[in-house]
Amino acid sequence: MKIPGLDKARRRWWRLHPAVQRRLKVAVPYSVMGFAILVASAVLGEAPDWALWALFTVLYVGLEFFAVEVNDKLYQSSSIMVIMTAGVIFALQPGSSATLGMVLMAALGPFVPADFKERRWFQPMANFGQMVIAAGVSGLILDVSLRQVTSLEAQTLFVVLPAAIVASAFFVLLQQALIRHAVRTVYPYDRLEPWSHLGALFFAQFSMGTLGGLIGAAYLIAERPAVLVLIIGVYGIGHMSLYAYAQLRVSHLSAIKGFVKTLEAKDMYTRGHTERVAYFSEMIGEEYGFSGTQIEELKWAALIHDLGKLAVPTELIRKRGRLDDEEYDTMKEHAHLVEEILAEVDFLQPMVEIASGHHSHYDGNGYGGRGHKEGETPSLAACIVAVADAFDAMTSARSYRMALSQRYALSELRNQSGAQFHPEVVDAFERALKKSGRRWGAPHVNDEEMARRLAEEPELTLRG
Amino acid sequence: MANWHPRVILAASWLFPIVALIVGIFSAMEAGGNPFYILIASTALALGSMFGVATSNSGNHFTMGLAVAAAVPFVFSGLDMIEPAGSIAAYGIGLTAVWVLRHSRGESHNELLPVMVRRFGGYVVYAIVYSSMRVGLFADLDGGWEDLFPFAVAVSAWLVAEVLIRALLVVGPRELSRSYLARAFLQDLNVFMGLTLTGALFGELFPEITWWALPIALLPYSFAHVAFKRFQDTKTTYRQTIRALARIPEVSGLGVDGHADRTTDMATAIAKGIGLGPVQVEEVEYAALMHDIGRVSLSEPQVIRMGYTDDDIARWSAEIIAESPYVESVADKVRQQYEPYRRPGEQTDPDISLVSRIIKVAAAYDWKVHRDGMSPLNALEELHAGAAYEYDPAMVATLRRILDRRGVLGSVPVQS
């Protein structure tokens, strides 16, 4: 059997850019499923009270409009409260179904003006599918569990509470799973876990959803329009708590940025270095399969790892040639100084522990701050930052020598593996480097002495 | 409050709880109904006041007690209680309990008195406005949209009353200004609305679904709690970051120990002394903390070779601050910190901001005392001598007043 036009369609598909292919692979099934659910619930479900539906839809779309960026490019809003309130009300009112009301509401949510303005097609399609699927499933749960309820009194809440808990848990879990699946399909080369603190965000959304369901039932039982006004105020409180979360995140990010900028102002050499060490640490963390939260911690620790250098005389940092013993001791201080500088910054304390241990050795030698104990292996995170730092120190140009090649740097890491460096971390780093396919350092400088001579006598040129 | 006689404060701090308790008991007798409810409400108020939610920018401390207080007249007007006597009874008894609890936890009468007077005043205004509107204009309306009108009016009256009492008691007449009042009012609005709203939700639901109203009101309350905690943490993060940056010159041995902290202390005292609002005081604080951060560049080889001037340090500081988030706005002010406040032929130099003039005086005083080893009186004398062009005489006069009040100047030495 031959389907006409199949070959042509297939040829067209392969002519598309792979990035577009990946987006289509998400957007089409999501929106098709969304449409299927929309049509099915329209056919099978009973129409809600349209006046109430319109009120809640306006609130829902409004909250979606004011969604806040709770994590890197992850927008969330407290709209789950609205949709759960509406769902419970529609499920409890005789002659209307929660599924249809919630699905219709969710279908209107994803159309944010910013998407239209920037001519995005993928985000609205994927979000439409994701939201309608989640709304459909939790609406069905509410419909099934609240169908038997006939009388509205305080006791009804005993039935509503478990129903609201299950429905909002499904809602949030489905949403998170679908979003994560979409991101992983569209950006396959990025890290495994795109966002940190998803657990905390789940809990926030889940409790908001449960509360939304409860106040919906309470409104029906109390039969007081005044409660409806107060409910809108409660939505505002929910929005405020998300907004506060986003603000706090921004403050942490800008604090880190402030420290990095100040370090750069003092020493331009450190600029690329700090960022590259963060990048390498992130790579190793991903290779280890760290969660988003752990990766963020690792990255921040890497960004502040050299902060102690702010307090070390610049002439030492920039000195050409080897440091003498006394100078080396001063240089060693910077592991302590990072602790001293950041002693009062509460949110950075776990990262300070990691950062101050980045010169501790795997076998317990080396030096470091509070995190360093003679003869003890430092924490895994500190080992990771240590490897990343050493690799970048070798593959970038310093005041006293030229950049070394990646091959030399890796062989040096392997030589010291088990002594200075954590052997597993070195292995993981090698694998991650191979996967990334990028090469670092100068191409042919495979000799430390050579590199130093090249730096000291600039007129020597390299022939490779 | 601070400049009242200690005996007055002591007497008032004994009188207030007793009066509140007496008022509470008398209104409880007046209110009729079941006294058990009054007991529950006052216990809830006392317990709620132990849970701090947030301390706002203007130094206002908010507790869960606020939400309870908002709920009380709602609930009581549903029960057969004569209002506002019932609510006032609950507040009187509850606040007396709060006083005893907080005092036993180690808070002094000096701190408690203004807070308690303000709270009681605010609550009473709220209860009276709310119940008189319910009894008068809105007696026959029950459960409709209009139900919230008395609440909205009463809450506004409450907030205005609190702000007014606070301004009269704490700020003191010297610093009282209309703009300060308005700012304090706006700053506290979101916390205040969040708390009273959850209280109203409880009060509105309680007659219908009884104790189920408790979890339903507690959940949004906890969201509000978390939100305010996070807003607070945001502020703390910025402040700690700036403090940490300010420490760098001292940690690296390039500054004088404690110079930034002492200058900040003095500069904020001067800023408050000349009557700036909380926002500007914060700006002065940040600028003063960061004013010497440019000293990290002092170990640069070319600086060691070629030397530097105070103006260079100001420039470097401003360059670093301009790069730091959140405090960018004070970069210009730090840049001008060594500029004279006016040039010959001018009344004042309009380009030099107030913040720079404050920091100039505070920093100079600290250098003279702690680096040059002068006595405070001699340092002040030098500042006065420089008041023609260098140091703004208004700031120097305020500094003098502050030093006098702190007892640093001591007795005037006798010329030998």
Side-chain angles (χ1 to χ4, degrees), chain A residues 78 153-154 157 161 204 207-208 210-211 214-215 218 221-231 233-234 236-238 240-245 247-248 250-255 257-259 261-262 264-266 308 310-316 318 337 340-348, chain B residues 142-148 190 193-194 197-198 200-201 204-205 207-210 212-213 215-216 219-224 226-231 233-238 240-245 247-249 251-254 293 296-297 299-301 304 316 319-320 323-327:
Chain A
S78 53
E153 52 200 17
L157 287 166
L161 181 63
S207 45
M208 277 187 200
T210 310
L211 173 64
L214 276 182
I215 51 181
I221 296 165
E223 284 183 310
R224 284 176 169 221
V227 175
L228 205 57
V229 181
L230 291 175
I231 284 177
V234 172
I237 293 178
M240 203 162 63
S241 77
L242 272 183
Y243 176 73
Y245 178 83
Q247 287 291 96
L248 185 58
V250 168
S251 80
H252 287 173
L253 288 177
S254 57
K257 206 170 115 198
F259 288 124
K261 287 260 184 194
T262 318
E264 279 169 11
K266 175 155 158 110
L310 269 176
V312 176
T314 316
E315 42 179 354
L316 283 192
R318 292 199 189 151
L337 290 173
E340 209 169 312
I341 293 170
L342 296 180
E344 281 177 16
V345 187
D346 293 330
F347 85 100
L348 279 175
Chain B
D142 199 29
W145 306 90
E146 303 84 352
D147 230 25
L148 290 174
N190 62 346
M193 286 314 293
L197 209 96
T198 51
L201 185 69
E204 210 35 57
L205 288 175
E208 310 292 334
I209 59 172
T210 62
W212 271 98
I216 290 179
L219 264 174
Y221 166 78
S222 64
F223 292 157
V226 171
F228 301 138
K229 176 88 179 35
R230 281 181 186 145
F231 281 133
D233 287 351
T234 308
K235 269 238 142 1
T236 315
T237 302
Y238 284 127
Q240 288 176 342
T241 305
I242 291 157
R243 290 201 94 90
L245 286 172
R247 283 167 66 92
I248 292 169
V251 169
S252 51
L254 296 168
I293 190 167
V296 292
S297 303
S299 61
E300 298 278 337
I304 293 171
W316 297 326
E319 279 167 8
I320 292 175
E323 293 281 314
S324 314
Y326 196 67
V327 280

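Residue numbering restarts at 1 for every chain, and letters A, B, ... go by the order of the sequence lines. Both backbone and side-chain heavy atoms feed into the values below; hydrogens, waters and symmetry mates do not.
- The main-chain N or O of B:Arg243 is never found under 3.5 Å from a side-chain atom of A:Glu344 such that the two would form a donor-acceptor pair.
- Interface summary for chain A: among B:Ile216, B:Thr234, B:Leu197, B:Val226, the most heavy-atom pairs under 4.5 angstrom belong to B:Thr234.
- Atom-to-atom distance recorded for A:Ile221:CD1 and B:Trp212:CH2 is 9.0 Å, nearest 0.5 angstrom.
- A:Met240 is not listed as a side-chain neighbour of B:Phe223, based on a closest heavy-atom distance of 4.5 Å or more.
- The candidate from B:Leu201, B:Ile209, B:Ile293 with the greatest count of non-hydrogen atom pairs under 4.5 Å with chain A is B:Ile209.
- The CZ atom of A:Phe259 sits 5.0 Å away from the CG atom of B:Leu245 when rounded to the nearest 0.5 Å.
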task: Start with the C-alpha gap between A:Ser254 and B:Tyr238, add the side-chain angles, then the distance that decides, and say whether side-chain contact (heavy atoms from CB on, under 4.5 Å) holds.
output: CA-CA 9 Å; A:Ser254 57; B:Tyr238 284 127; 3.5 Å; yes
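- Between B:Thr241 and A:Ala255, the shortest heavy-atom contact is OG1-CB, 3.2 Å.
- At distances below 3.5 Å, not a single donor-acceptor pair connects side-chain atoms of A:Arg224 with backbone N or O atoms of B:Leu205.
- Note on A:Ala343, A:Gly238, A:Ser207: by heavy-atom pairs under 4.5 Å with chain B, the leading option is A:Ser207.
- Interface remark: of the candidates B:Ile248, B:Ile320, B:Thr198, B:Thr236, B:Ile248 forms the most heavy-atom pairs closer than 4.5 Å to chain A.
- Looking at residues two or more places apart in sequence or on another chain, you find a side chain to side chain contact (heavy atoms under 4.5 Å, CB included) between A:Ala244 and B:Ala227, B:Arg230, B:Phe231.
- Contact annotation for A:Leu228: only side-chain heavy atoms (C-beta onward) come within less than 4.5 Å of a heavy atom of chain B.
- Heavy-atom contacts from other residues, nucleotides or ligands closer than 6.0 Å to OH of A:Tyr243 number 12 or fewer.
- For the atom pair CG (A:Asp346) and CG (B:Asp233), the distance works out to 8.5 Å, reported to the nearest 0.5 Å.
- Of the listed residues (A:Ile237, A:Leu211, A:Leu242, A:Val234), the one with the most heavy-atom contacts under 4.5 Å to chain B is A:Leu211.
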